A.B. asks: 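Below is the structure I would like to discuss, written out as structure tokens.
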Protein chains: 2
Amino acid sequence: MTSVLIVDDDRQLLRALRVNLTARDYQVLLAPDGATGLALAGRHRPDLVIVDLGLPDMDGVEVVAGIRGWSSVPVIVLSARHTEQAKVNALDAGADDYVTKPFGIEELLARIRAALRRAVAGGNEPVVRTETLTIDLAAKRVERDGATVRLTPTEWHLLEVLVRHAGKLVTHRQLLREVWGPACETEVNYLRVYLAQLRGKLETDPAHPRHLVTEPGMGYRFEP
Amino acid sequence: MTSVLIVDDDRQLLRALRVNLTARDYQVLLAPDGATGLALAGRHRPDLVIVDLGLPDMDGVEVVAGIRGWSSVPVIVLSARHTEQAKVNALDAGADDYVTKPFGIEELLARIRAALRRAVAGGNEPVVRTETLTIDLAAKRVERDGATVRLTPTEWHLLEVLVRHAGKLVTHRQLLREVWGPACETEVNYLRVYLAQLRGKLETDPAHPRHLVTEPGMGYRFEP
DNA sequence: GGGTGGCATCAAGAACACGTCAAGAACCGC
DNA sequence: GCGGTTCTTGACGTGTTCTTGATGCCACCC
């Protein structure tokens, strides 16, 4: 189910949004302030985020920037500010859309659909193949020499990030942010442990990996 | 260069957009009506399309739908219609954004940047080539005569700074600050050691470097 | 011709990063 | 609650990378 995180302190608006979104089969997460919003975003990985600029604890632009630091989830900004500068700031901070209050709920829903449609279209990389491996990102399936391999959720998440950037180096920081959230950016040990597990399951010779390559001091790379 | 197709029949608006977009180094294509717009979109494959809803020959929504039939290029709709239904129709037809007239040019530019950012997310990082070298900044990969060269983090960082300023001289101070931090601005020795290592790995004749050139007393220069 | 400053090269110890293992904690389905 | 899986965390041996100082080369200037 598609999940939407709403960061806003306007109870009335919150309720209206929740009712409308729930009725259309979105899973709704609510955060009354920026700090909670960032924490929820890191923890639950919503498919879309709606941020109000006027939050009690911090500026909505900071929330947008905070999310953009580690995720490319679509972000729609709501605001009562009509000034051009506010819009430019929010959009340049990484927001995908800017809707000024008051707005019609149907318009917001249409903009949500548009943002989600793009996100789905953009992340379209179905199947990656090597001589021994078949990785189906959409189906979340990995085969090695024809046999499906069982991966734990974390193992899969890690592999997914690496495969999405196939051929490119992914830094420790980036991997940790994507898989464990921004709070664990320094836990480089996790990577060692899980890369070892992935190699054990996927590589023909785990001691000399051909696809899950270490770039010492920098990060890891999936080599197709 | 990023190309933008504008489908609109309002001459005054067209001129304003063309001037502003050209000044920001976009290549601008103009179409006065929907049919021309669709033809140009098919022929030139622009990176972004701006469509006015009020066209002389057809509804802008049809243009959007026509483009969406075969392309996922970002589309921004302009319109004087403020009704919610118009917005919903355009967005659901496949538009990425809907801007109501009158609008500020800065806002539109910010929305263009946002749409382009999404579309090319990660796609546009430069690759520098010479006869013997291929340096892919995004993938953090260096090839020499087809074989990938292993670089340590510091070596890569140094090379990256030099390549980012390709052709230009980079001072000792600047390099040290970028790679080792402001505290090491005087440790010129570091540069000698690491330039020697880079030359050993990248230059055909390390004693007479062709690409990693010393500018005595000043700094170093990467010569493409 | 000798001195000087900037540069390249070399080498070695210290510091760091990696893979591996193992054990306890947390979580899940039943 | 209980058994099995998954996640976290710490420790260790090994290999690599960084730092640092010493040495020799060259061009330039006196």
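Owing to the predicted nature of the structure, the values given are computational and were not obtained by experimental measurement. Throughout, protein chains are lettered first and strands after them, A, B, ... in sequence-line order, and every chain is numbered starting at 1.
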A.B. asks: How long is the line joining CG of A:L191 and P of C:dT20, in whole Å?
C.D. replies: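 Atom-to-atom, A:L191 to C:dT20, this comes out as 14 Å.
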
A.B. asks: Starting from P on C:dC18, measure out to CG on A:L175 and report it in whole angstrom.
C.D. replies: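 So the two atoms are 12 Å apart, to the nearest Å.
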
A.B. asks: Looking only at non-hydrogen atoms, find the nearest pair between B:Y98 and A:R111 and report the distance.
C.D. replies: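 B:Y98 and A:R111 have their closest heavy atoms at O-NH2, 2.8 Å.
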
A.B. asks: Rounding to a whole Å, what distance do you find between B:L198:CG and C:dT9:C1'?
C.D. replies: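 Nearest whole value for this atom pair: 15 Å.
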
A.B. asks: Nearest-Å distance, NE2 (A:H208) to C1' (C:dG19)?
C.D. replies: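 Atom-to-atom, A:H208 to C:dG19, this comes out as 12 Å.
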
A.B. asks: Going by an N to O cut-off under 4.0 Å, is there a salt bridge joining A:E106 and A:R24?
C.D. replies: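 Result for this pair is yes, salt bridge flagged.
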
A.B. asks: Checking the side chain of A:K101 only, and the main-chain atoms of A:L78 only, is there a donor and an acceptor separated by less than 3.5 Å?
C.D. replies: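 Flag not set: sc A:K101 to bb A:L78 has no pair under 3.5 Å.
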
A.B. asks: When you check the gap from the basic side-chain N to the acidic O, do B:R199 and B:D205 get nearer than 4.0 Å?
C.D. replies: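 Answer for the salt bridge query: no.
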
A.B. asks: Say whether, by atom type as modelled, one donor and one acceptor occur between the side chain of B:E185 and the main chain of B:R177 under 3.5 angstrom.
C.D. replies: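 Side chain of B:E185 to backbone of B:R177, a donor-acceptor pair under 3.5 Å: no, none is there.
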
A.B. asks: Protein within reach of the bases, or only the backbone? For nucleotides 4-13 of chain D, mark each nucleotide 5' to 3' as B, S or -, using heavy atoms under 4.0 Å.
C.D. replies: --SBBBB---

A.B. asks: Does OP1 or OP2 of C:dG6 have a side-chain N or O of B:H172 closer than 4.0 Å?
C.D. replies: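 No, no such contact exists.
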
A.B. asks: I'd like to know if A:E215 and B:K140 make a salt bridge, using a cut-off of under 4.0 Å between side-chain N and carboxylate O.
C.D. replies: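 Salt bridge flag = no for B:K140 with A:E215.
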
A.B. asks: Rounding to an integer number of Å, can you tell me how far B:L195 CG sits from C:dC7 C1'?
C.D. replies: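 Computing the B:L195:CG to C:dC7:C1' distance gives 11 Å.
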
A.B. asks: Looking at A:R192, I'd like to know whether one of its side-chain N or O atoms comes within less than 4.0 Å of OP1 or OP2 on C:dG19.
C.D. replies: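 Checking A:R192 against C:dG19: no side-chain N or O falls below 4.0 Å of OP1 or OP2.
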
A.B. asks: Would you please confirm or rule out a distance under 4.0 Å between OP1 or OP2 of C:dG19 and any side-chain N or O of A:R199?
C.D. replies: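 Result: yes.
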
